[in-house]
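Read through the structure below, which is laid out as structure tokens, and then see the notes.
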Amino acid sequence: METLFLGHEVIRLATVPSTNSYIKDLIKTRDLGEGFMVVTDYQTSGRGQIGNTWYSERGKNLLFSCFLRPHWLAADQLFTLNMSVCLALVNALNAFMPGFSIKWPNDILYDKRKIAGVLIENSLVGSGIEHSIVGVGLNVNQTIFEYPLNATSLYKLSGIEQDLELLLRNVLAQLERQYEKVRLDPKSVMPDYYSHLYGYNKWVRVQEKNKVHQIRIQGVDPFGHLMAETKDGMRHYGLKELKFLLD
Ligand code: BTN
């Protein structure tokens, strides 16, 4: 294992409703060390952001969750954890083949197609963080996607079947590196994050309620809201307010 703490204790399950939910239930019954992980071949109720479902064919992809205790992060720096996780995924994928980018707030894209999603669930105490459950779904060897139709996988992009264990090790090494970076200085991940962010300093098409228009991303504020230029001035967008129109 090339990590110092991440993934040193791992539970592997053939099937589970959701690796995030599994950790949520487990912490009610035992203390978990930082870096504890759950990896599965198949989820029966894989969860995505804003109540979406995460579909993944059995045994083809990476599906895992990590238990972290970033208690050193103030609640208004929380989004830097999301940034570090997205960056870790993009770095691990770009080492494999260049061209991956981050779509705010939690997707990894290649050529406007989604290859991975991140679901971070935080438990807050007062103004601090008690723990975070970081869930990752990364499409690796799956070839057919019924939902969402514009999804892709490493196999679809390269035509080469990947060793899931090797890829997991690379992703974990990156995750730990970025996590340490955020721990030392939360803001330090921002330049790298912006350099991989879809639509950063570029005009891109979005749908806001029933209106299609263009925005140019200027950054992400401390609450994780997207700051973007529009033809009517600067705006801050919450999670559910925008849909990027990729095609
Ligand atoms: C999204 O794109 O909306 C986020 C998807 C996150 C999916 C992963 S798969 C492993 C972990 N367990 C879950 O139920 N969800 C996350």
Side-chain angles (χ1 to χ4, degrees), residues 6-7 9-29 32 35-68 81-90 92-93 100-110 112-123 131-157 161-172 174-175 224 239-240 243-244 246:
L6 195 56
E9 192 188 348
V10 183
I11 293 187
R12 289 179 183 272
L13 300 162
T15 305
V16 68
S18 147
T19 52
N20 269 40
S21 307
Y22 187 90
I23 293 188
K24 253 191 208 169
D25 290 341
L26 199 60
I27 44 183
K28 291 179 197 150
T29 64
L32 298 179
F36 172 89
M37 280 183 58
V38 176
V39 183
T40 192
D41 293 336
Y42 187 68
Q43 297 183 128
T44 51
S45 319
R47 295 188 290 112
Q49 291 269 347
I50 52 169
N52 288 335
T53 304
W54 184 258
Y55 296 101
S56 173
E57 209 179 311
R58 178 181 292 280
K60 297 275 184 182
N61 304 314
L62 285 183
L63 300 166
F64 65 89
S65 300
C66 309
F67 179 77
L68 297 173
L81 179 64
N82 174 304
M83 287 179 168
S84 70
V85 174
C86 290
L87 252 183
L89 287 171
V90 147
L93 290 167
F100 291 91
S101 60
I102 300 165
K103 178 164 77 69
W104 176 87
N106 67 306
D107 296 350
I108 308 299
L109 303 179
Y110 187 93
K112 301 188 177 180
R113 293 181 175 270
K114 179 162 171 171
I115 190 160
V118 174
L119 178 66
I120 302 181
E121 296 180 289
N122 299 303
S123 158
H131 66 252
S132 299
I133 300 170
V134 174
V136 173
L138 169 59
N139 299 331
V140 185
N141 293 322
Q142 186 166 332
T143 51
I144 298 163
F145 293 92
E146 276 158 25
Y147 180 86
L149 271 174
N150 73 345
T152 194
S153 67
L154 277 178
Y155 183 85
K156 277 191 84 168
L157 295 171
E161 191 147 329
Q162 301 301 320
D163 179 336
L164 288 177
E165 280 309 306
L166 183 66
L167 190 64
L168 179 61
R169 282 209 294 278
N170 291 342
V171 169
L172 294 185
Q174 278 292 339
L175 269 177
L239 281 187
K240 298 176 190 169
K243 185 175 180 300
F244 288 90
L246 296 175

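Everything numeric here is computed off the predicted structure, so don't read it as measured data. Atom set for the values below is all heavy atoms of this structure, side chains included, hydrogens, waters and symmetry mates excluded.
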L63 vs W54, side-chain contact (heavy atoms from CB on, under 4.5 Å): CA-CA, chis, key distance, verdict: CA-CA 10 Å; L63 300 166; W54 184 258; 3.6 Å; yes
Going by the angle between their ring planes, with limits at 30° and 60°, are F244 and W104 parallel, tilted or perpendicular? perpendicular
Looking only at heavy atoms, what is the nearest atom pair of L81 and S132, with distance? CD2-OG, 3.5 Å
Minimum heavy-atom separation for C86 and V118, please, with both atom names. SG-CG2, 4.3 Å
If we only count heavy atoms from C-beta on, is the F64 to V38 side-chain gap below 4.5 Å? no
Is it the case that more than 12 heavy atoms not belonging to L166 sit under 6.0 Å from its CG atom? yes
If the condition is salt bridge (charged side-chain N to carboxylate O under 4.0 Å, His left out), which residues does K28 pass it with, not counting sequence neighbours? D25
Could you go step by step and tell me if V134 and F67 meet the side-chain contact (heavy atoms from CB on, under 4.5 Å) rule? CA-CA 7 Å; V134 174; F67 179 77; over 6 Å; no
Check: N61 side chain, V140 main-chain N or O, donor-acceptor pair, under 3.5 Å: yes
If I take atom CG from residue N122 and atom CD1 from residue I120, how far apart are they, to the nearest 0.5 angstrom? 6.5 Å
What distance do E9 atom CD and L32 atom CG have between them, rounded to the nearest 0.5 Å? 7.0 Å
Measure from the side-chain N and O atoms of N82 to the backbone N and O of P105, and report whether any donor-acceptor pair falls under 3.5 Å. yes
What's the spacing between I115 CD1 and R113 CZ if we round to 0.5 Å? 11.5 Å
Close side-chain approach of I108 and L138, heavy atoms under 4.5 Å: no
Ignoring hydrogens and geometry, is there a side-chain-to-backbone donor-acceptor pair from T40 to Q43 under 3.5 Å? no
Can you check whether T15 reaches D41 side chain to side chain, under 4.5 Å on heavy atoms? no
Intermediate values then yes/no, side-chain contact (heavy atoms from CB on, under 4.5 Å), V171 and L175: CA-CA 6 Å; V171 169; L175 269 177; 4.3 Å; yes
With E165 via salt bridge (charged side-chain N to carboxylate O under 4.0 Å, His left out) - residues at least two apart: R12
With sequence neighbours left out, write down each residue that passes salt bridge (charged side-chain N to carboxylate O under 4.0 Å, His left out) with R47, or none if nothing qualifies. E121
Pairs involving residues 52-67, ordered by first then second residue, that meet salt bridge (Lys or Arg N to Asp or Glu O under 4.0 Å) (sequence neighbours left out): none
Rounded to the nearest 0.5 Å, how far does CZ of F36 lie from CG of L68? 12.0 Å
For the atom pair CG (N139) and OH (Y110), what is the distance rounded to the nearest 0.5 Å? 15.5 Å
Check side-chain hydrogen bond (donor to acceptor under 3.5 Å, both in side chains) between S65 and all other residues, then give those that pass, not counting sequence neighbours. T19, N20
Testing the basics here: between N150 and K112, what is the closest heavy-atom pair and its distance to 0.1 Å? ND2-O, 4.0 Å
Check salt bridge (charged side-chain N to carboxylate O under 4.0 Å, His left out) between D107 and all other residues, then give those that pass, not counting sequence neighbours. K103, K114
Between S153 and Q142, is there a donor-acceptor pair closer than 3.5 Å when you use the side chain of the first and the backbone of the second? yes
Could you go through the side-chain contact (heavy atoms from CB on, under 4.5 Å) check for V90 and S101 one step at a time? CA-CA 6 Å; V90 147; S101 60; 5.6 Å; no
How far does CG of L6 sit from CZ of R169, to the nearest 0.5 angstrom? 13.5 Å
